[in-house]
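Small disclaimer: the values here were computed from a predicted structure and weren't measured. Every number for a ligand or one of its atoms is a count from 1 in the order of the listing.
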Amino acid sequence: MAKQNLTTSCAVAGGGPAGVMLGYLLARAGVDVVVLEKHADFFRDFRGDTIHPSTLQVMYELGILDEFLELPHQEVRELGAQIGDDQVKLADFSHLPTHCKFIAFMPQWDFLNFMAEKGKRYPTFHLHMQAEVDELITDVDRVIGLKAATPQGELEVYADLVVGCDGRHSTVRQLAGLKVDDRGAPMDVLWLRLSKRPGDGSDTLGRIEPGRFFVMIDRGDYWQCAFVIPKGGFNELRRKGLEAFRLAITALNPKLADRVREIASWDDVKLLTVKVDRLKRWYRPGLICIGDAAHAMSPIGGVGINLAIQDAVATANILAVPLREGKVNEDDLAKVQKRRQLPTELTQALQIFIQNRVISNVLTMTTQPKPPLVARLLDKYPWLRRWPARLIGMGFRPEHVETEELSPASARS
Ligand SMILES: Cc1cc2nc3c(=O)[nH]c(=O)nc-3n(C[C@H](O)[C@H](O)[C@H](O)COP(=O)(O)OP(=O)(O)OC[C@H]3O[C@@H](n4cnc5c(N)ncnc54)[C@H](O)[C@@H]3O)c2cc1C
């Protein structure tokens, strides 16, 4: 098969939230960018559906929010939990200093398709699907491009900068020899869907029972459910059988008894092996990693997508000009890590604290739990609920779009 060659300013490996958003922002700022995604489309397994207020703020600043919110979504303004027999309110987004005071729940593929379509308005945006990055091209120590396998044969992309946005199992970070600092996680998560029925209500709720932690996210006509298990416990659960798993769900929420048989086989249950890690150094000459490729996040708070997007905004803010001028250097890459390292570390520290102090205890608990003091205070004093909302909805150091739209107006739809 024929070998193809391309030259661009920025080659982005991976078309997830980080890669597609970065591609869009750079193309909008007049930088030539090639995004390579290994899958044929964005329709894949559930990978999180949360679009946080800070991401919605970015879309507002980009002038694409109203159009985005025309897509089907649910708006969640409060988060709560059922702890043993008590129901408590934990977070209230309605006071955030952002344009949207809610988390939007939308399938990730709708978000990615939307951003990719917006990117295609710019002549400098080139998205290649079914292009799996498998090699870096180097010149002495510097990365000068990458190679990808495509149905048409090998594609070589030469670039001033390669950005690894290829997620938690990043090939790019491995090929680049970047060192990973694994922070550990005591749990894994099983994701499944159950239909929503009239009378279910619409609260997005976590349920904590002895040895069990269960979350139900309202997705309109179905519930996206997360069943938390001890790390590596999936085989043990499978050994006990599907019926025992269905009964465990019914015990957590008796209302679901009439539909747990929708879990017809273990194929309906997706295992997320929870990882919390981060790169010590996010870059080397000619290459940088962002999003999950730089720091895999725990699902606590559902902030992985948001962080990936915040990384993309910061990367575009810092690198658009040097990329446009063909002068991107290691100091510029260091600035990106410096900007995003603190928010990443603080978020992970909070997630690890909750994993070790709350989730681990719940998973080994044998008696009915009572809401801890913090949960009782949050439930009692509504104004206190603004703080968790701020941490989840905006995170540490929210980014704002600083890049200008420089692409020709004729490219706009
Ligand atoms: C089951 C599950 C549930 C989750 N729930 C939530 C949630 O509710 N909220 C939340 O915020 N986060 C959630 N997350 C985490 C969230 O999905 C990630 O943090 C976020 O998607 C990171 O974005 P990213 O762009 O860095 O990486 P990814 O989304 O992982 O995107 C990486 C992309 O790179 C592509 N790719 C990989 N290797 C290559 C290669 N060699 N060549 C080309 N392309 C490649 C992949 O196909 C993928 O499209 C969940 C994750 C999982 C797995």
Side-chain angles (χ1 to χ4, degrees), residues 11-23 34-52 54-55 76 79 103-109 111-113 115-116 127-136 146-150 155 157 162-176 188-193 204 215 217 219 224-228 269-279 282 289-312 315 340 344 347-348 351 392-393 395:
V12 176
V20 171
M21 179 58 95
L22 179 65
V34 172
V35 181
L36 303 156
E37 166 55 46
K38 70 176 175 184
H39 288 99
D41 54 42
F42 296 120
F43 295 95
R44 291 191 296 286
D45 286 345
F46 174 72
R47 296 193 305 174
D49 291 352
T50 49
I51 309 292
H52 285 240
S54 55
T55 300
V76 170
L79 293 179
I103 295 182
F105 280 83
M106 177 187 290
Q108 200 182 106
W109 51 82
F111 171 71
L112 294 175
N113 274 328
M115 291 312 303
L127 174 62
H128 293 249
M129 303 304 282
Q130 286 185 285
E132 179 160 4
V133 175
D134 52 15
E135 207 177 319
L136 297 177
L146 43 74
K147 293 185 187 177
T150 77
L155 173 64
V157 183
V162 167
V163 186
C165 297
D166 50 345
R168 56 181 46 218
H169 305 292
S170 171
T171 304
V172 167
R173 81 180 184 187
Q174 198 190 336
L175 292 172
D188 289 329
V189 181
L190 304 178
W191 289 97
L192 56 119
R193 276 181 186 206
T204 292
V215 181
I217 302 168
R219 300 310 330 277
Q224 183 73 52
C225 306
F227 189 98
V228 182
V269 181
K270 305 280 178 243
L271 169 70
L272 165 64
T273 307
V274 175
K275 280 172 90 171
V276 181
D277 66 27
R278 56 182 181 245
L279 295 179
W282 296 19
C289 288
I290 61 168
D292 270 18
H295 46 72
M297 306 302 290
S298 163
I300 289 168
V303 294
I305 299 168
N306 195 44
L307 249 90
I309 286 169
Q310 298 289 309
D311 281 3
T315 305
R340 296 303 305 156
T344 302
T347 311
Q348 288 185 332
Q351 291 183 322
I392 297 169

Note to self: Quick test of your reading of the structure: of G15, A18, A13, whose heavy atom lies closest to atom 25 (O) of ligand 1?
What the structure shows: A18
Notebook entry, point to check: Considering only heavy atoms of A131, which atoms of ligand 1 have at least one such atom less than 4.0 Å away?
Noted result: 42 (N), 43 (C)
Notebook entry, point to check: Just by distance, do the side chain of T344 and the backbone of R340 share a donor-acceptor pair under 3.5 Å?
Noted result: yes
Item checked: L272 and ligand 1 - part of the residue with a heavy-atom distance under 4.0 Å -> side chain
Next item on the list: For ligand 1, note which part of A308 has a heavy atom under 4.0 Å away: side chain, backbone, both or neither.
Entry: side chain
Check: Where on C165 is there a heavy atom closer than 4.0 Å to ligand 1, on the side chain, on the backbone, on both, or on neither?
Finding: backbone
Margin query: For the backbone of V276 and the side chain of S298, can you confirm whether one donor and one acceptor N or O come within less than 3.5 Å of each other?
Written below: no
Checklist line | From CG (D188) to NZ (K275), nearest 0.5 Å | finding: 11.5 Å
Margin query: Below the 3.5 angstrom mark, is there an N/O of G19, backbone or side chain, next to an N/O of ligand 1?
Written below: no
Next item on the list: Quick one: pull up NE2 in H128 and OG1 in T150 and give me the separation to the nearest 0.5 Å.
Entry: 9.5 Å
Item checked: Close approach, P299 and ligand 1, non-hydrogen under 4.0 angstrom -> no
Check: Hey, is ligand 1 close enough to R168 that some N/O pair sits below 3.5 Å?
Finding: no
Margin query: With a heavy-atom distance limit of 4.0 Å, tell me whether K38 approaches ligand 1 through its side chain, its backbone, both, or neither.
Written below: both
Item checked: Atom indices of ligand 1 within 4.0 angstrom of H39 heavy atoms, with elements -> 47 (O)
Margin query: Between T315 and D311 (side chain of the first, backbone of the second, donor and acceptor by atom type, cut-off under 3.5 Å), is there such a pair?
Written below: yes
Next item on the list: Would you give the length of the straight line joining atom CH2 of W191 to atom CD of Q224, rounded to the nearest 0.5 angstrom?
Entry: 6.0 Å
Check: Taking atom 11 (O) of ligand 1 as the point of reference, which of G302, A149, A148 owns the nearest heavy atom?
Finding: G302
Next item on the list: Below 4.0 angstrom from a heavy atom of G304, which ligand 1 atoms are there? Numbered from 1 as shown, please.
Entry: 10 (C), 11 (O), 12 (N), 19 (O)
Next item on the list: Would you mind listing which atoms of ligand 1 come within a distance below 4.0 Å of any non-hydrogen atom of E132?
Entry: 41 (N), 42 (N)
Notebook entry, point to check: Which value, rounded to the nearest 0.5 Å, describes the distance between I103 atom CD1 and L79 atom CG?
Noted result: 5.5 Å
Item checked: Distance in Å, W109 CH2 paired with D49 CG, rounded so as to fall on 0.5 Å steps -> 6.5 Å
Margin query: Tell me whether D292 has any N or O atom under 3.5 angstrom from an N or O of ligand 1.
Written below: yes
Margin query: Please confirm whether S170 approaches ligand 1 to less than 4.0 Å, judged on its heavy atoms.
Written below: no
Next item on the list: State if E37 counts as touching ligand 1 under the rule of any non-hydrogen atom under 4.0 Å.
Entry: yes
Next item on the list: List every atom of ligand 1 that sits less than 4.0 Å from any heavy atom of T171, numbering the atoms from 1 in the order shown and giving each element.
Entry: 41 (N)
Next item on the list: Using only heavy-atom distances, determine whether the side chains of S54 and N306 contain a donor-acceptor pair under 3.5 Å.
Entry: yes
Next item on the list: Heavy-atom distances under 4.0 Å are what count here, so tell me which part of V303 touches ligand 1: side chain, backbone, both or neither.
Entry: backbone
Check: If you count the atoms of ligand 1 from 1 in the order shown, which ones are under 4.0 Å from a heavy atom of G291?
Finding: 26 (O)
Check: Just by modelled atom types, is the G14 backbone N or O under 3.5 Å from a matching donor or acceptor in the E37 side chain?
Finding: no
Item checked: Between R278 and Q348, a side-chain donor and acceptor under 3.5 Å -> yes
Next item on the list: Please work out which of I51, D166, L36, I300 has its closest non-hydrogen atom nearest to atom 36 (N) of ligand 1.
Entry: D166
Margin query: Tell me whether M297 reaches ligand 1 (any heavy atom closer than 4.0 angstrom to a ligand atom).
Written below: no
Checklist line | Between NE2 on residue H52 and CG on residue L307, distance to nearest 0.5 Å | finding: 9.5 Å
Margin query: For H169 and D292, which I'm curious about, is there any donor-acceptor pair between the side chains at under 3.5 Å?
Written below: no
